[in-house]
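Each chain gets a letter, A, B and so on, in the order its sequence line appears, and its residues count up from 1. Keep in mind that what you see is a predicted model, and the values were worked out from it rather than measured.
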Amino acid sequence: SLNNGRPTFTSLDGNFKFALRSVVQFDAAHYDVSPLRTDNDLGSGTNFRRARLGFDATVYKDWNIALWGEFGGTGGESAVLNQAFVEYAGWRPFGLTEPLRLRVGAWATPTGLEDATSNTEGLFLERAAAAELVRGLAGGDGRTGFGAFARGERWYGSAVLTGKVVGTPSTAEYNQQSGYILRAAFSPLHGPDYDLHLGASLQGILEPADTAAGPAEANAVRLAERPEVRVSGARLVDTGAMAANGLQVLGLEAGASWKNLYAAGEWFQVDVSRTQVGAVRSPFDPSFSGWYLQGAWTLTGERHPWSSANGGFNGVKPAKPFSLEKRTWGAWELAGRYSVLDLNDKAGSAGAAAPLGGVRGGEQKITTLGLNWYPNNVVRFLLDYQWVDVRRLSAAGARLDSDVGVVSLRSQFAF
Amino acid sequence: SLNNGRPTFTSLDGNFKFALRSVVQFDAAHYDVSPLRTDNDLGSGTNFRRARLGFDATVYKDWNIALWGEFGGTGGESAVLNQAFVEYAGWRPFGLTEPLRLRVGAWATPTGLEDATSNTEGLFLERAAAAELVRGLAGGDGRTGFGAFARGERWYGSAVLTGKVVGTPSTAEYNQQSGYILRAAFSPLHGPDYDLHLGASLQGILEPADTAAGPAEANAVRLAERPEVRVSGARLVDTGAMAANGLQVLGLEAGASWKNLYAAGEWFQVDVSRTQVGAVRSPFDPSFSGWYLQGAWTLTGERHPWSSANGGFNGVKPAKPFSLEKRTWGAWELAGRYSVLDLNDKAGSAGAAAPLGGVRGGEQKITTLGLNWYPNNVVRFLLDYQWVDVRRLSAAGARLDSDVGVVSLRSQFAF
Amino acid sequence: SLNNGRPTFTSLDGNFKFALRSVVQFDAAHYDVSPLRTDNDLGSGTNFRRARLGFDATVYKDWNIALWGEFGGTGGESAVLNQAFVEYAGWRPFGLTEPLRLRVGAWATPTGLEDATSNTEGLFLERAAAAELVRGLAGGDGRTGFGAFARGERWYGSAVLTGKVVGTPSTAEYNQQSGYILRAAFSPLHGPDYDLHLGASLQGILEPADTAAGPAEANAVRLAERPEVRVSGARLVDTGAMAANGLQVLGLEAGASWKNLYAAGEWFQVDVSRTQVGAVRSPFDPSFSGWYLQGAWTLTGERHPWSSANGGFNGVKPAKPFSLEKRTWGAWELAGRYSVLDLNDKAGSAGAAAPLGGVRGGEQKITTLGLNWYPNNVVRFLLDYQWVDVRRLSAAGARLDSDVGVVSLRSQFAF
């Protein structure tokens, strides 16, 4: 069949199934940076944020397999494995109504509420900076792991032991990173035209990659994030490398959908187990946080329903596909978000160096307004405007502030 | 269906369509260079010029989408996005008989007559050097853009605003290149066994990529081209980087097909808006040109028909596929081309440095003879011999001439 | 059809056929190295050894074509062409019962008995070190070439002229490598529950790649191999680059399968035509060798049958797919191997430099025990434990010995 454009083949007994899949997101962005310096020159232009081709399949009834290649990227495209895994879904222990899924390979486990919505269905071009930063620590695209997933009609739970991200690392790694992702979500209230979501996650890095050959060990973590558009890969907030033997993240999630209105928010705290500052023992464990609030008003009346598949909200499916002939216009939506990411800890004041161990990663606040058009279930366009406000100090104490206006357009197909 | 080997799936109402596509071109070449120096050592061997896998699809009747990955290349293979786009083809303004197509993403817009013929159907392994050089300026594979395409039964017109080429640039770019391609073509005379083609194009770089971080700007263009075989990626003619704020190209096209005879030619002029020569203001805007004439005689009688799809000629479809059993031999064709590319401007004379602002890119003349075998609509083989004659001066005025003989074989499948 | 999960499309007349193919092998390994030094730090973690997506097709009855992309790798993943070729299989000269296949493009010609078994069906995560080293010289994945393949019911023969491996070389190559692979195999005794295999191969490098520009030539060969797990890409035995104008390899093969028992062994000798040692003429042509013996006991009774398709043994197909419902367990298998690779020649003794021209590549002996589970024809898991023993001298004569214990798990799907 070609349901919603997705070529799908099914054996007569239903035990074998194969679906070709593809996602393309082509972004164009213009950045207006003030004051412009060499450290904050975000280049305008275009970028394929995602250009994926692959398949999902079921074999011998109980086994799910997938392989997706990625030809897009951030701030420049390169071809790499996006996901590939083997999953056994033939066991229903503990009275579960849905099979417990046991998976090995590489994939993106949802690390929070925003991450539980497919990137093809999100409100904006990118997730909120805090959610995106956390996603990259022990999860994200191409993250290897062994995991278990369970769900009921109104709840979702997952536990994953994670490893490296696929691809050849830019620095040689002698032992790869190990981490974990634990998450639970449920919908305590729901009805035909409303859904409430509550959720929490605990995730972290158990041991950062060892980048020193031989008996010596060199383990570090680094927190950095781009403004919420990725045509330029430059990051305006960045803690730099911190020698550490791990980190932990707590995340709290809430969201609600009522008729054609939708609102959601998340809060994250990252605690780094820092070992050293330069040559001396770390005087304290630095801690960082971020949060966001977002909402949408679907002008054409469609709803964002909750789903237990990932424990989060789905995007909008247009009730009437766009057609010039039939004078139908697809779905239209207005969206807004306010997002904060604070990568400072004991940053001290301008004009002087930071206190010992202080981290001047900077604080980034972003306000986004978006207009989304969904001509049909395959194609959509997102037009965003962002006000980005970064306050940051250099090591010597000079102000490295940036005010950035970004206008961006995403053109997308997905099936 | 598997028409000509292409797996194609269509929904019952015809509104959804999906076709898997692939092109593989495997080239083997032996270069005989005289005199051999370190600057002109074209390495013999093999190369996958193209190795593409992807799909073309139609969804919701009016929308065309595509994603193709490329696993081949020039002088070495690397995996990269070849094309991906979303196209709306549901609007027929101005009394058009065919829909006006509006496209966004990355693809190769035809930049001339030779480029309007699919690379899988061209007479030789590569396009004429001048056509290939022009193609790479604001068009070519993986070029991003927004464009409009219109056509009637006997005419074609396109207007595209173009950006960068997909992939991570070798030098950091702070603002990406912007350019444009305008082209019109028509067939003033045509009949059951003949077609005449006339066409013209205007294209250029509006602003070269800015490779300097911060408020400073560094914009440059560079014209360089390989001999018309790409097993070696080395370029024998090359202007080097010229500081410039843009360039313009005028192209003129003519061609004709009569029964099993086909002839075509193009002429291009490139005008560079040069800003500086070293530290001083450019004394003049350098200008370069190139042209070619080519022809084919299809021994087995097949014709090269004109098509308004791209505004150019299609290749040969063998009337009787090769079969040892049936004693049928596919299609056989003889082809010849003479091509000139002149990248000198005010180059001065041997034994002395060039006048201020003179460009010693070199002049390349290539004569090619080819024998093509098309066993069927999927497979073909091209055997070419080339006489390459390059006359070029070094900065100091020494002769960097090269006489190169190249024998090459392309083995190809495409569906 | 979706036979064994493979989407296959066939035209009504059977002359056209198209099958989507994929192989994913996800490896996790823990290395325990003693004594640990900077030169032998094998990093633990995970790796996609193979992640392939592509197709095999038949067009116009007699032509076979294929293109496979590879998103996996060794010690880090990168996207590259795995294989692509055009094959004519419509000619049966010399009274052959099967067509003589003539192929051009890139693919992995079997270079020995172990290599004649698909990597998706081998007993262990990797081939024995000697077989793997030889495979990489003139064959291996993505090796370009022109070849002929013939077979009968109980014999197989191949002759291939080979070139470079696809991808952009790390060092510029001015002329690419040329090589050859000749191999013959037959099954002199066979019955419904037994097969005997004998075979021999002769292969080599006719001319190594020339890495010097201009009239000068720089040709070298290098023999190096990883322990028989590839999560880490590090090689513990390595001759370093040897200036040479070629090398030759002789391989001898024997194997047998009886009911659910299987045993096989191979021996290889590599003779290097060395030209120089530093600045002086090579005093002798170094010679290296390796061999292995391996066996398997399929606990659930399945057999390893011989096939003339590649001239070797196929893997196990589980008689009853694993199903919790039906209480069937797929196939289970125990396997063992002992493998030796000796890259020393005139290595001299510890505490002193080697004699002139002596090669201290090291000697590697590996004992492997494996437990394999095949839930069905698509999915399988391999659990291996290896004892790796490397004895090697540094240039100055210091002992660079390594004792490595490796536990590894492969999770695989293939269709």
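Ring centroid separation for the pair A/F16 and C/F415 does not come in under the 6.0 Å cut-off.
In this structure, C/D41 CG and A/E173 CD are separated by 12.0 Å, a value rounded to the nearest 0.5 Å. A distance of 11.0 Å separates OH in A/Y174 from CG in C/L36, rounded to the nearest 0.5 Å. Remark: C/R52 CZ to A/L81 CG distance equals 13.0 Å, nearest 0.5 Å. Note: A/F71 CZ to C/F71 CZ = 4.0 Å, rounded to the nearest 0.5 Å.
The side-chain heavy atoms of C/V378 and A/I65, taken from C-beta on, include a pair separated by under 4.5 Å. Counting heavy atoms from C-beta on, the side chains of A/K17 and C/L2 never come closer than 4.5 Å.
Using a 4.5 Å cut-off between heavy atoms, C/S232 makes no contact with chain A at all. Residue contact with chain C, scored on non-hydrogen atoms closer than 4.5 Å, involves the backbone of A/A212 exclusively. If you measure heavy-atom distances from A/A79 to chain C, the contacts under 4.5 Å come from both the backbone and the side chain. In this structure, chain C has a heavy atom under 4.5 Å from the backbone of A/T10, while its side chain stays farther away.
The aromatic rings of C/F381 and A/W63 lie tilted to each other, with the angle between the two planes from 30° to 60°.
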